[in-house]
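Okay, so here's the structure we're looking at.
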Amino acid sequence: MNRKIALLPVDGRPVTRELPKQIASIGNWEVLLPPKDLLGFLKKPGDIAALEKWIWQVAPDVDGFVLSVDMLGYGGLVPSRVCTDGEETIKQRIGILCSLKEKYPDKVLMAFSSTMRISNNYVNEEEKEYWSDYGVELWEYSFHIHRFEKTGCEESKRNVQDLRNRIPSEVLEDYLSARLKNYRVNVSLLDMVEDRILDVLVFPQDDTSEYGLNIGEQEDLSRKVFERELFQRVFIYPGADEVANTLVAKMIYQLENVPFPTFFPLYSGETGALSTAMYEDRPICESVKGQIFAFGGYTVSSPGEADIVFAVNVPGKRQGDLALQKYLGEVDTPHRNIGEWIKRISHYLRQDKLVAVADTAYANGVDSRMLPQLLSEIKVSDLAGFAGWNTAGNTLGTVVAQAAMVHLQKQKPSLPKAEVRERLQAEITLRLLDDYVYQSVVRKEVRDVVDESAVSREELLSRVSEMFGREASDFLERYHLHFSLEDIYLPWDRTFEIGIGRGAES
């Protein structure tokens with residue numbers, strides 16, 4: 001084996017492009033990535049022809065491929081929502097999957113393709129232009145037409161009729177045709193699984209709710225998976241940006257030919273574990289199982305039989321959103337006990353168990369009531385994984401992959417223990433800087449004093465760099481962590497996410 005995997009990410013952001021490479025390095029595997037400038041920028045699609053050329057260039061040197069169909073077919077995740085190219089054009093582009101398998105039949109080929117999300121707002125930054133006028137109405141139409149089909153609710157039927165009068169027919173027709181195109185492309189991928197072209201396929205559910213056209217499409221795909229008996233090779237669950245982490249980790253385990261680890265979930269609250277996270281369609285405890293199953297593992301009922309204790313911080317009653325500043329008062333409630341949860345983490349660490357922490361209390365950032373308590377008792381170097389970014393699925397899939405790489409090195413060492421610890425600590429420190437220092441603290445501070453729409457890109461970056469640099473330095477000093485902040489940048493020229501040039505110090 002060359003211990004190399006080719007990854008075509010869904011776009012060029014650090015969490016979708018660099019994070020899988022960082023996680024794989026803990027397992028002593030290399031992830032080959034295309035040049036960032038080929039991956040597009042927000043609505044600007046990637047250079048599909050150049051990316052295909054890159055895939056063929058690296059193909060002889062890798063042991064397998066993890067490829068984003070959204071990038072192959074449309075030029076990226078956001079372009080997949082606004083692309084006007086026809087269905088046959090998209091299918092022709094993803095035909096490279098068949099060509100790859102034909103030329104390299106013994107190399108593992110995994111792919112992922114999002115079911116198109118539908119956002120409940122008037123923000124068209126990542127949607128078609130008409131979203132600024134009809135975004136909420138389109139979301140309501142999607143919700144109520146599916147709800148009526150599922151339940152026969154007369155109120156939803158009336159709402160659908162009203163919305164058809166309020167949404168211009170050309171807008172509704174355009175939106176529905178785009179969804180249909182995306183769905184048909186996804187169905188064609190099932191044919192590739194059935195024909196043994198794709199070894200594994202993931203349909204991540206990007207920003208979902210209980211009802212919606214996207215949920216209806218997922219239900220149809222699930223039925224087809226069942227009918228074709230593809231349930232061990234096709235996975236459908238909430239997520240998107242973290243899927244490359246999951247598939248890279250899964251492929252590494254398959255290629256290393258080692259048993260997949262078992263997980264014991266440890267929640268900070270029972271109510272929160274049963275609550276549904278924002279942008280998802282199922283209880284957090286079910287998302288945990290979905291992410292672990294997609295990777296290749298499963299949960300067990302006692303920590304003694306588990307390879308990994310999967311410590312999940314949950315909201316007391318309901319997940320909040322730190323980016324939107326919503327439902328913040330329903331997170332830190334008596335329905336959970338962080339202190340007792342941390343004591344249990346300490347207990348399992350003393351028993352020499354691998355313990356990884358996934359923070360799902362909030363969307364878009366780490367729980368600031370939890371983290372200081374955790375770090376007052378637990379050293380970062382003791383953890384086998386940590387994350388708390390964006391959606392619950394993003395966080396869970398990331399931590400599953402991190403912990404899996406640590407467990408791999410325990411089962412089948414290929415690096416000195418000191419090297420594994422160094423790579424892991426650098427990875428966790430980066431997540432703490434991004435998910436906590438920036439997303440939970442600095443982002444709100446920046447937004448409180450800067451109007452993004454009224455300043456230049458240079459001024460926005462300058463303010464972010466100044467405020468983040470100060471907070472990050474204080475955080476690193478407080479917890480005796482070493483990490484060189486070589487570069488700070490805004491991947492998409494906005495405050496929602498940050499890029500941190502990585503350089504761990506010895």
Side-chain angles (χ1 to χ4, degrees), residues 5-12 16-17 20 32-34 38-40 43-59 62 64-105 107-117 177-206 214 217-218 220-221 224-225 228 230 233-236 239-241 243-244 246-248 251:
I5 295 170
L7 168 64
L8 181 65
V10 75
D11 54 45
T16 53
R17 183 176 179 272
L32 303 186
L33 298 165
L38 298 183
L39 295 172
K43 291 183 182 179
K44 178 185 176 184
D47 187 336
I48 297 172
L51 290 168
E52 288 184 0
K53 183 178 179 181
W54 172 82
I55 291 171
W56 286 116
Q57 286 175 340
V58 301
V62 301
F65 309 87
V66 174
L67 304 178
S68 163
V69 174
D70 293 309
M71 181 58 73
L72 272 180
Y74 307 92
L77 181 60
V78 174
S80 74
R81 304 172 194 148
V82 300
C83 178
T84 58
D85 294 332
E87 180 183 333
E88 291 308 312
T89 299
I90 307 302
K91 288 181 177 178
Q92 185 177 21
R93 289 170 182 159
I94 65 176
I96 188 178
L97 298 170
C98 303
S99 303
L100 271 176
K101 198 63 172 180
E102 182 178 359
K103 185 169 179 61
Y104 300 102
K107 296 192 178 190
V108 185
L109 178 54
M110 299 184 180
F112 56 108
S113 179
S114 297
T115 51
M116 188 186 295
R117 79 167 188 179
S177 65
R179 292 211 66 91
L180 181 60
K181 175 178 65 178
N182 179 278
Y183 171 73
R184 285 177 172 169
V185 169
N186 283 340
V187 171
S188 74
L189 295 172
L190 289 179
D191 298 335
M192 292 188 189
V193 178
E194 202 164 23
D195 294 338
R196 299 284 171 176
I197 294 163
L198 294 177
D199 298 291
V200 174
L201 173 63
V202 172
F203 291 124
Q205 302 171 215
D206 186 16
N214 51 346
E217 292 162 3
Q218 290 150 16
D220 288 341
L221 291 170
K224 287 179 168 58
V225 169
R228 302 185 193 195
L230 301 175
R233 297 168 59 209
V234 180
F235 304 90
I236 305 173
D241 294 344
V243 175
T246 303
L247 291 182
V248 165
M251 184 176 291

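Predicted, not measured: the structure shown is a model, and the values here were computed from it.
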Could you grab the distance from atom [atom1] of [X] to atom [atom2] of [Y], nearest 0.5 Å is fine?
{"X": "M251", "Y": "L7", "atom1": "CE", "atom2": "CG", "value": "9.5 Å"}
{"X": "S80", "Y": "I90", "atom1": "OG", "atom2": "CD1", "value": "9.5 Å"}
{"X": "N182", "Y": "C83", "atom1": "CG", "atom2": "SG", "value": "10.5 Å"}
{"X": "L97", "Y": "I55", "atom1": "CG", "atom2": "CD1", "value": "8.0 Å"}

Are L221 and Y183 close enough that some pair of their side-chain heavy atoms sits under 4.5 Å apart?
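Yes, their side chains come closer than 4.5 Å.
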
Which pair of heavy atoms, one from [X] and one from [Y], lies closest together, and at what distance?
{"X": "F112", "Y": "L247", "result": "CD2-CD1, 3.9 Å"}
{"X": "N186", "Y": "S114", "result": "ND2-O, 3.7 Å"}
{"X": "P204", "Y": "G239", "result": "CB-O, 3.3 Å"}
{"X": "P45", "Y": "P79", "result": "CA-CG, 3.7 Å"}
{"X": "I94", "Y": "M192", "result": "O-CE, 3.9 Å"}
{"X": "V62", "Y": "I5", "result": "CG1-C, 4.2 Å"}

Using a 3.5 Å distance criterion without hydrogens, assess whether the side chain of [X] forms a donor-acceptor pair with backbone atoms of [Y].
{"X": "R184", "Y": "E87", "result": "no"}
{"X": "K103", "Y": "W56", "result": "no"}
{"X": "R81", "Y": "A178", "result": "no"}
{"X": "R179", "Y": "M116", "result": "yes"}
{"X": "R93", "Y": "G73", "result": "yes"}
{"X": "D199", "Y": "L109", "result": "yes"}
{"X": "D11", "Y": "T16", "result": "no"}
{"X": "K107", "Y": "L100", "result": "no"}

Tell me whether Q57 at atom CD has more than 12 heavy atoms from other residues, nucleotides or ligands lying less than 6.0 Å away.
yes

Over 12 non-hydrogen atoms of neighbours within 6.0 angstrom of CZ in R196:
no

Salt-bridge present (K101, D195; N to O < 4.0 Å):
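No, K101 and D195 are not salt-bridged.
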
Using a distance-only test with no angle check, is there a side-chain donor-acceptor pair under 3.5 angstrom linking E217 and T115?
no

Qualifying residue, where the test is side chain to side chain contact (heavy atoms under 4.5 Å, CB included) with L8 and the options are L51, L32, L33:
L51

Can you list every salt bridge (Lys or Arg N to Asp or Glu O under 4.0 Å) pair that touches residues 46-56, not counting sequence neighbours?
none

